[in-house]
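The chains referred to below are lettered A, B, ... by the order of the sequence lines, with proteins before strands, and numbering in each begins at 1.
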Amino acid sequence: MIRLGLCCIFRNAPIKFRRTTARYLLSISKAKREEHLATICMHNADALYRALQFCGANGIGAFRINSQILPVKTHPEAGYDLGKLPGGDRIIARFKQCGAFAREKGLRTTFHPDQFLVLSSTDADVVKRSIADLEYHAMVAGWVTADVINIHGGGAYGDKKSALGRLAGVIRGLDPEIGSRLTLENDDRVYTPADLLPVSMETGVPLVYDVHHHRCLPDGSSAEQTTEAALATWNREPLFHLSSPLNGWEKGPCRPHHDFIDPKDFPDCWKDLDLTVEVEAKAKELAVLRLKNALTRDSG
DNA sequence: AGCGGTCAAGTTGAT
DNA sequence: ATCAACTTGACCGCT
């Protein structure tokens, strides 16, 4: 069975996540700051619960949780401890209710921290802050029972081989709360599946195969070959990424995402797998539901 | 109420 | 040397 995943936000459904900025938080009093953060974090825990309800009610099997679900959480000056905010215990309890709901409905939850998290960096401080961010993600993942924290390989610094060596070294030293959830994804500028598969096999961190990125940044392997190799890295239900290019494959830059998925971009070799496919499309839940219909018609 | 400037962070590659 | 592009709006503050 294919399980389709929705990424972070909704196009039409009235479910919104709130955020704030470090600059604003640091411009107000400590009491006001904690009140503001508590309001936003509780709002986001509630919104997550409603997002999962929407997914459960609409046959969407997975939901990617935005990294800003606890905004500014690990900022050096504006960061905070959720449990110490006003009503912090209730906020944590609400996240745990999200986890209970997800388990009850068989929904999968995932994280995809943004590009500032770089484990291959030559700068020890960047790596340290990245690990702090992973700790935050792992903490929330524990509450909501997310089994994937997916990152890219980061920069190459003119020497891919050394960078991948640093990446593998950092991964090996991670706390199991992080390491047991961590995954690596091929990107569209630096690291191909062929670059990352050896790191996956060496560290036990699964490969999230993004077939769109692979078409933008090929490595000589076919989608079939890479699918097979990526599947072998998973010790749980595999998770892959799918999107369609805004301007077609023929002309212009292929990176920007389309509103919807062209069913022709769904690889045939994925169709009979037990697999989560996260749908990276700007029309969000509308695109997931449309693809779901197309796949159902296709097989039935 | 509406609009515009702004938002923590890293890296690459275009200018 | 500088800066947009990644994700992509949503926020606050001013009118």
Under 5.5 Å between ring centres and under 30° between planes: does that hold for Phe116(A) against the base of dG10(B)?
-> no
Residue Asp133(A), side-chain heavy atoms: nucleotide from dA9(B), dT11(B), dT12(B) that is nearest = dA9(B)
Do Thr192(A) and Ser221(A) touch side chain to side chain, with heavy atoms closer than 4.5 Å?
-> no
Answer with base, sugar-phosphate or nothing: what part of the nucleic acid does His36(A) contact at a heavy-atom distance below 4.0 Å?
-> sugar-phosphate
Kindly express the pairing pattern of DNA chain B in dot-bracket notation, using | wherever a base pairs with another strand and counting only Watson-Crick or G-U pairs under 3.5 Å.
-> |||||||..||||||
Under a 90° cut-off about 0 for the syn range, is dT6(B) syn or anti?
-> anti
For dC6(C) versus dC3(B), give the span between their P atoms, rounded off to a whole number of Å.
-> 26 Å
Glu280(A)/Arg64(A) salt bridge by N-O under 4.0 Å criterion = yes
State whether Arg18(A) places a side-chain N or O below 4.0 Å from either non-bridging phosphate oxygen (OP1 or OP2) of dG9(C).
-> no
What interatomic distance, in whole Å, is found between P of dT7(C) and the corresponding atom of dG13(B)?
-> 16 Å
Measure the distance from CZ on Phe17(A) to C1' on dT7(C) and round it to the nearest whole Å.
-> 15 Å
Side-chain contact, heavy-atom cut-off 4.5 Å: Val148(A) with Thr276(A)?
-> no
With a non-hydrogen cut-off below 4.0 angstrom, is Thr20(A) in contact with a base, only sugar-phosphate, or nothing?
-> nothing
Considering only atom P, compute the distance from dG5(B) to dT8(C) and round it to an integer number of Å.
-> 24 Å
Sugar-phosphate, base or nothing in reach of Ser121(A), heavy atoms under 4.0 Å | sugar-phosphate
Kindly say if Arg23(A) contacts the phosphate of dC7(B), meaning a side-chain N or O under 4.0 Å from OP1 or OP2.
-> yes
For the pair made of CD1 in Ile65(A) and P in dT7(C), what is the distance, rounded to whole Å?
-> 20 Å
Ile9(A) has its side chain closest, among dA8(B), dT8(C), dG13(B), to dT8(C)
Answer yes if the side chains of His112(A) and Glu278(A) hold a donor-acceptor pair under 3.5 Å, and no otherwise.
-> no
Calculate, to the nearest 0.5 Å, the distance between atoms CD1 and OG belonging to Ile171(A) and Ser200(A) respectively.
-> 7.5 Å
Nearest whole angstrom, please: distance from the P of dG13(C) to the CG of Leu26(A).
-> 13 Å
Hey, does the side chain of Tyr24(A) come within less than 4.0 Å of dC7(B)'s phosphate (OP1/OP2), counting only N and O?
-> no
Report the C-alpha distance between Asp133(A) and Thr74(A) in whole Å, list the side-chain angles of each, state the deciding distance to 0.1 Å, and finish with yes or no for side-chain hydrogen bond (donor to acceptor under 3.5 Å, both in side chains).
-> CA-CA 6 Å; Asp133(A) 223 50; Thr74(A) 61; 2.5 Å; yes
Side chains of Leu37(A) and Leu70(A) in contact at under 4.5 Å (non-hydrogen atoms) = no
Could you work out which one of dA9(B), dT8(C), dT12(B) sits closest to the side chain of Val190(A)?
-> dT12(B)
Rounded to the Å, how far apart are Asp188(A) CG and dG13(B) C1'?
-> 13 Å
Quick one: sort the Phe240(A) and Trp270(A) rings into parallel, tilted or perpendicular, breaks at 30° and 60°.
-> tilted
Roughly, in whole Å, what's the span from NE2 in His213(A) to C1' in dT12(B)?
-> 14 Å
If the P atom of dA8(B) is compared with that of dC12(C), how far apart are they to the nearest Å?
-> 12 Å
Write out all pairs satisfying salt bridge (Lys or Arg N to Asp or Glu O under 4.0 Å) with one or both partners inside residues 45-57 of chain A, taking only residues at least two apart or from two chains.
-> Asp46(A)-Arg94(A)
What integer distance in Å separates Asp187(A):CG from dG10(B):P?
-> 17 Å
Provide, to the nearest angstrom, the distance between the CG atom belonging to Leu25(A) and the P atom belonging to dC12(C).
-> 9 Å
When Thr21(A) and Lys284(A) are each assigned the nearest nucleotide of DNA chain C, the 5'-most assignment goes to Lys284(A)
Just checking Ala156(A): base, sugar-phosphate only, or nothing, at a heavy-atom cut-off of under 4.0 Å?
-> sugar-phosphate
Take the protein atom CD of Gln115(A) and the nucleotide atom C1' of dG13(B), then report the distance between them rounded to whole Å.
-> 15 Å
The side chain of Lys282(A) lies closest to which of these nucleotides: dA9(B), dG10(B), dG9(C)?
-> dG9(C)
